[in-house]
There are 2 protein chains.
Amino acid sequence: MKRSISIQTLQRLPIYLNFLKELSQNKRMNISAKCIADNLRLGEIQVRKDLAAVSSGGKPKVGYVTEDLIKDIEINLGHNNLHDAVLVGAGKLGKALLSYDGFKGYGLNIVAAFDVCGDVLGSNDSGKQILAIDKMKDLCERMKVRIGIITVPADSAQKVCDMLVESGILAIWNFAPTHLSAPENILIKSENMASSLALLSMHLIKNIDSKKGEMDNEE
Amino acid sequence: MKRSISIQTLQRLPIYLNFLKELSQNKRMNISAKCIADNLRLGEIQVRKDLAAVSSGGKPKVGYVTEDLIKDIEINLGHNNLHDAVLVGAGKLGKALLSYDGFKGYGLNIVAAFDVCGDVLGSNDSGKQILAIDKMKDLCERMKVRIGIITVPADSAQKVCDMLVESGILAIWNFAPTHLSAPENILIKSENMASSLALLSMHLIKNIDSKKGEMDNEE
DNA sequence: GGTATATCGATATGCATTTATCGATATACC
DNA sequence: GGTATATCGATAAATGCATATCGATATACC
């Protein structure tokens with residue numbers, strides 16, 4: 001039963017988790033689905049359904065027990081067992097991600113970074129090692145690393161992707177602004193900044209347009 | 001008619017655009033929907049439908065004219081008119097984004113950054129100014145900036161969000177791992193790393209689990 | 001010029017996700 | 001203790017999106 005958490009629900013779980021942790025700090029013992037929905041600007045029913053997929057249930061009139069809910073979500077997100085990851089491409093974005101110490105809270109542990117460029121090799125100010133790329137496969141296999149993060153320029157992203165697959169990586173987090181091809185069983189999640197910008201841009205265009213033709217009832 | 005581009009389609013447009021630009025460099029004049037689909041691992045029909053939403057159409061037997069398609073997509077993405085943006089939070093991620101010079105290609109122009117911390121003020125190695133946050137409102141109003149990028153820690157993100165709204169910002173790109181509340185007419189696009197990680201994590205858990213119980217036909 | 005074929009566009013089907021409706025139940029208050 | 005109410009959970013309808021099917025059409029080749 002618990003197997004079937006939809007992708008959409010899965011992606012909302014971290015948002016609930018974040019909100020619930022805030023509540024927890026403020027010593028709120030109970031929380032209703034409606035309250036969560038109002039605060040997060042989501043539908044009340046949607047929240048209830050999402051929570052139903054992971055939790056053992058709430059009580060009428062009082063809602064859910066905050067702490068229990070947090071635990072349930074964390075279990076379902078796999079935050080209890082940390083996944084090791086390697087990062088390829090120690091440019092600006094790569095270094096920024098390396099230095100970000102919040103990933104552990106999400107179950108991700110970057111063990112090392114790789115790059116071709118000799119200049120950046122060595123220890124980063126994050127304390128993480130930046131190694132030559134030819135050492136990647138060996139390290140991944142030894143440490144059984146299963147997650148790869150790509151922060152190289154677009155034109156070398158596919159090559160890096162292939163290397164990661166070669167190294168036994170099962171899931172790839174891609175920040176390069178390009179599409180990647182990999183075998184079926186490899187999950188590729190692209191953080192497509194361009195797609196996000198498309199959304200913002202579209203919103204602005206619509207908004208500015210509707211302001212120009214201030215008809216009020218444009219449709 | 002062209003009004004109704006679905007969100008999903010909109011988010012795929014930059015991917016097509018990227019691919020088409022590569023083709024264009026290789027002097028390919030024409031391209032079929034099937035070819036795009038195969039290269040990008042998408043459905044042929046999906047591609048055709050997406051393209052139908054933005055383009056004036058292709059010809060049987062030859063497909064679409066590459067250059068025309070690029071233009072059509074760029075128009076629909078608003079890449080022709082650059083949107084100005086401000087960035088708040090000149091930490092590691094903020095600086096990384098400031099230094100990334102690829103945004104202009106997506107129609108985004110970061111005009112300045114803001115931070116509370118005195119240390120980082122001044123000119124960045126990106127050439128962009130990092131200013132004190134109290135100057136934000138004035139600058140946004142003067143330059144009619146409509147996009148705000150939030151790269152501050154989670155606990156100050158909402159405060160920054162409010163300030164941006166105050167400054168006349170219409171669309172917010174949020175990198176803080178928290179949910180933000182703003183008036184209805186403000187678009188908030190959160191780059192939720194935790195959500196992405198949830199996806200990766202889930203994939204690994206499923207994969208490793210199915211390997212443990214190597215039943216082959218687990219369902 | 002006629003026929004074959006690749007490719008397009010439109011309509012229809014199916015699936016996933018969201019939203020709505022309704023009855024059930026635990027707490028609160030009289 | 002009985003009734004009112006907030007809230008939950010389940011079932012049903014609606015929506016949005018992806019996939020399938022089919023006829024139309026422009027090019028290529030005979």
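We name chains A, B, ... by the order of the sequence lines, and we start the count at 1 in each one. These figures come from a predicted structure and were not determined experimentally.
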Starting from C1' on C/dA16, measure out to CG on A/Leu10 and report it in whole angstrom.
15 Å
Nucleotide paired to C/dT21 in any strand shown, Watson-Crick or G-U, under 3.5 Å
D/dA10
Could you tell me the separation between the CD1 atom of A/Ile31 and the P atom of D/dA6, rounded to a whole number of Å?
16 Å
Take atom CD of A/Gln46 and atom C1' of D/dC8, then tell me their distance rounded to the nearest Å.
17 Å
What orientation do A/Tyr106 and A/His79 show, parallel under 30°, tilted 30 to 60°, or perpendicular over 60°?
tilted
Nearest 0.5 angstrom please: A/Leu40 CG to A/Gln46 CD, how far?
10.5 Å
By nearest-nucleotide position on DNA chain C, the 5'-leaning member of A/Thr9 and A/Lys61 is A/Thr9
D/dA18, D/dT21, D/dC17: which one has an atom nearest the side-chain heavy atoms of B/Ile45?
D/dT21
Report yes if the side chains of B/His203 and B/Leu199 come closer than 4.5 Å at any heavy-atom pair, otherwise no.
no
Out of D/dA6, D/dT21, D/dA26, which has the shortest distance to the side chain of B/Pro60?
D/dA26
According to the Watson-Crick and G-U wobble definitions, with both distances under 3.5 Å, which nucleotide is paired to D/dT5?
C/dA26
Report yes if at least one side-chain N or O of B/Tyr64 is closer than 4.0 Å to OP1 or OP2 of C/dA6; otherwise report no.
no
Using atom CD1 of B/Ile7 as one end and atom P of D/dG16 as the other, report the distance to the nearest whole Å.
10 Å
List the steps and the verdict of salt bridge (Lys or Arg N to Asp or Glu O under 4.0 Å) for A/Glu67 and A/Lys71.
CA-CA 6 Å; A/Glu67 287 299 326; A/Lys71 267 183 208 139; 5.6 Å; no
Grab the CG-P distance between A/Asp50 and C/dT17 for me, whole Å please.
11 Å
Quick check for you: among C/dT18, D/dA28, D/dC8, whose closest atom lies nearest to any side-chain atom of A/Gln8?
C/dT18
Between atom CD in B/Gln11 and atom C1' in D/dG16, what is the gap in whole Å?
14 Å
Over how many whole Å does the gap from A/Asn30 atom CG to C/dT27 atom C1' extend?
12 Å
Can you identify which nucleotide, out of C/dA6, C/dG9, D/dT19, has its nearest atom closest to the B/Lys49 side chain?
D/dT19
Ignoring the backbone of A/Arg48, work out which of C/dT7, D/dG9, C/dT27 is nearest its side chain.
D/dG9
Atom CZ of A/Arg12 and atom C1' of C/dT19: how far apart are they, to the nearest Å?
12 Å
Using a cut-off of 4.0 Å on non-hydrogen atoms, how would the nucleic acid contact of B/Gly43 be classed: base, sugar-phosphate, or nothing?
nothing
Side chain of B/Ser6 - closest among D/dC17, D/dT27, C/dT7:
D/dC17
Between B/Glu22 and B/Asn26, does any side-chain donor sit less than 3.5 Å from a side-chain acceptor?
no
Under 4.0 angstrom between B/Lys59 side-chain N/O and D/dT27 OP1 or OP2:
yes
